[in-house]
Amino acid sequence: MKKILITGAAGFLGSHLCDRFVKEGFHVIAMDNLITGDLKNIEHLFKLENFEFYHHDVTKFVHVPGKLDYILHFASPASPIDYLKIPIQTLKVGSLGTHNLLGLAKEKKARILIASTSEVYGDPLVHPQNEEYYGNVNTIGPRGVYDEAKRFQESITMAYHTYHGVETRIVRIFNTYGPRMRLNDGRVVPAFIGQALRGEDLTIFGDGLQTRSFCYVDDQVEGIYRLLFSDYIYPVNIGNPDEITIKDFAEEIVKLTGTHQKVIYKPLPTDDPLQRQPDISRAKEILDWEPRFDRSEGMKLTLDYFKGFSEEELQKSEHRDFS
Ligand code: UDP
């Protein structure tokens, strides 16, 4: 049985990856320090023989006994609210954490895939963003701790490939949504859904004309799965190119929830990218991958998940903004 270590396993993407690899017959070692992750996301796997959980912070030396075939490094705060609150941890997990996991991959002769992000493109001056674009990042802005950690992560990953021959893969993840997002992580999908379900106004930051392109989690997981088993070592964008303004997205949520909410406008957070859309030509060509879920289908599945929350849980996760 092949063994895979998944870091950030109790988080949104990490937990869906655990599900997928368990289903594919792997022995999964799930690792998380639970700063932003939640055991609820993986507790259904605890009873399985091919699943183990290690409560560990990957910025400290990572020890895994025995053989290891694959590593997926998905540990990191991943929402602006989180990296404003824990900027040092964000920098450390992308740098020190990645260094530890690359060292582990070298030691075990394991293949490692690291989770990078569209944030390496910063507030992009090229549209849509392809993998050749070097980005436009403010190193000292509030997003700098995440963006630069992820850029460093890509560099050290390539260096381990070049100098130590480690088998590496790099995915650049664009906005992804679905069940198990944290209701209060500040990201626009859970923020708007939470507000609608609590009967609050939807908060649009800025004029709402900034764009994002939202990928459903199952599509993201499929792209990552294919990349891991490909032989391609350079970064690959995985995301859904269907671009929408945040204003139009708010209207879609109001219609979808049938809650007749009003929208209100708040200041745009510093360095909030104005446009974002992945160019996925490389993923299409190399992985024969493209998204299957359109937004209406994916959002319905996501809303169904959040409808399962009790009134109390919904109230507890009251939305916070940047203003
Ligand atoms: N946003 C918003 N209202 C909210 C939360 C987010 O208008 O309550 C905006 C945010 O300013 C950004 C977009 O939605 O322009 C996506 O934000 P998110 O935090 O989900 O992701 P990111 O900015 O990292 O793409």
Side-chain angles (χ1 to χ4, degrees), residues 11-13 36 76-85 87 90 94 115-124 127-129 135-138 141-150 172-178 180-198 200-217 220 237-254 257 259 261-278 295 298-299 302 306 314 317-323:
F12 164 53
L13 277 178
T36 57
S76 177
S79 84
I81 273 191
D82 288 340
Y83 36 83
L84 279 177
K85 207 169 66 185
T90 304
S116 188
T117 164
S118 55
E119 284 283 328
V120 299
Y121 302 123
D123 192 359
H127 194 76
Q129 294 80 54
N136 176 37
V137 171
N138 176 6
R143 288 177 183 248
V145 294
Y146 183 63
D147 301 5
E148 291 301 336
K150 290 292 188 181
R172 289 189 182 149
I173 297 170
F174 282 67
N175 292 70
T176 299
Y177 69 96
R180 302 188 193 147
M181 289 189 96
R182 232 172 60 221
L183 199 49
N184 64 350
D185 81 355
R187 313 215 68 149
V188 70
V189 172
F192 283 175
I193 291 183
Q195 287 165 339
L197 294 179
R198 286 190 301 269
E200 296 164 6
D201 298 334
L202 269 53
T203 52
I204 291 180
F205 298 159
D207 57 12
L209 297 181
Q210 72 271 35
T211 67
R212 292 296 185 273
S213 309
F214 297 105
C215 180
Y216 187 63
V217 62
Q220 184 62 245
N237 288 341
I238 299 287
N240 189 324
D242 185 7
E243 186 179 0
I244 185 171
T245 65
I246 294 302
K247 197 171 176 218
D248 289 346
F249 183 58
E251 275 170 29
E252 277 190 7
I253 299 279
V254 170
T257 53
T259 43
Q261 301 312 122
K262 285 207 315 283
V263 297
I264 53 167
Y265 290 85
K266 297 257 176 132
L268 190 68
T270 311
D271 296 335
D272 196 294
L274 288 181
Q275 269 189 321
R276 188 182 285 151
Q277 185 197 46
R295 204 170 42 249
M299 285 304 302
T302 309
F306 285 115
L314 281 174
S317 55
E318 193 191 340
H319 182 47
R320 291 180 297 153
D321 63 45
F322 296 88
S323 47

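The analysis underlying the following values was restricted to heavy atoms, covering all of them including side chains, and did not include hydrogens, waters or symmetry mates. Since this is a predicted model, take the numbers as computed values, not measurements. Numbering of ligands and ligand atoms starts at 1, following listing order.
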Mind checking whether G186 has a heavy atom under 4.0 Å from ligand 1?
-> yes
Has ligand 1 got any nitrogen or oxygen that is less than 3.5 angstrom from a nitrogen or oxygen of F205?
-> yes
Ignoring hydrogens and angles, state whether a donor on the side chain of N136 or D123 is under 3.5 Å from an acceptor on the partner side chain.
-> no
Specify side chain, backbone, both or neither for D272, according to which of its non-hydrogen atoms lie closer than 4.0 Å to ligand 1.
-> side chain
What distance do I244 atom CD1 and D242 atom CG have between them, rounded to the nearest 0.5 Å?
-> 7.0 Å
For R212 and ligand 1, does the shortest N/O to N/O distance drop below 3.5 Å?
-> yes
Examine the side chains of N237 and Y121 and answer whether a donor and an acceptor come within less than 3.5 Å of each other.
-> yes
Number the atoms of ligand 1 from 1 as they appear, then name those within less than 4.0 Å of a heavy atom of A191, with their elements.
-> 8 (O)
Could you list the residues that satisfy ring-ring contact (aromatic ring centres under 6.0 Å, His included) with Y216, not counting sequence neighbours?
-> Y177, F293
Numbering the atoms of ligand 1 from 1, which are under 4.0 Å from a heavy atom of I246?
-> 7 (O), 13 (C), 14 (O)
With atoms numbered from 1 as shown, which atoms in ligand 1 lie under 4.0 angstrom from a non-hydrogen atom of N175?
-> 21 (O), 22 (P), 25 (O)
Using distance alone, determine whether R276 and ligand 1 share an N or O pair under 3.5 Å.
-> yes
Reported CG-to-CD distance for the pair L202 and E251, which is rounded to 0.5 angstrom | 10.5 Å
Does Q210 approach ligand 1 within less than 4.0 angstrom via side chain, backbone, both or neither, non-hydrogen atoms only?
-> side chain
The reported gap from CG in L13 to CZ in R180 (rounded to nearest 0.5 angstrom) is 10.5 Å
Of the backbone atoms (N, CA, C, O) and the side-chain heavy atoms from C-beta on, which set of P80 has a member under 4.0 Å from an atom of ligand 1: side chain, backbone, both, or neither?
-> side chain
Please work out whether any backbone atom (N, CA, C, O) or any side-chain heavy atom from C-beta onward of V189 is under 4.0 Å from ligand 1, and answer side chain, backbone, both or neither.
-> neither
Any N/O pair V188/ligand 1 closer than 3.5 Å = yes
If you measure only the distance, is there a donor-acceptor pair under 3.5 Å linking the side chains of T211 and E243?
-> yes
Would F192 count as a contact of ligand 1 if the rule is a heavy atom under 4.0 Å away?
-> yes
M181, portion touching ligand 1 at heavy-atom distance under 4.0 Å | neither
Do the charged groups of K262 and E200 touch, with an N to O distance under 4.0 Å?
-> no
Give the numbers and elements of all ligand 1 atoms closer than 4.0 Å to a heavy atom of I204.
-> 7 (O)
Who passes salt bridge (charged side-chain N to carboxylate O under 4.0 Å, His left out) against D272, sequence neighbours left out?
-> R143, R212
Report, in ascending order of atom number, the atoms of ligand 1 lying under 4.0 Å from any heavy atom of E119.
-> 24 (O)
Tell me, with the steps shown, if F249 and F214 meet ring-ring contact (aromatic ring centres under 6.0 Å, His included).
-> CA-CA 10 Å; F249 183 58; F214 297 105; 4.6 Å; yes
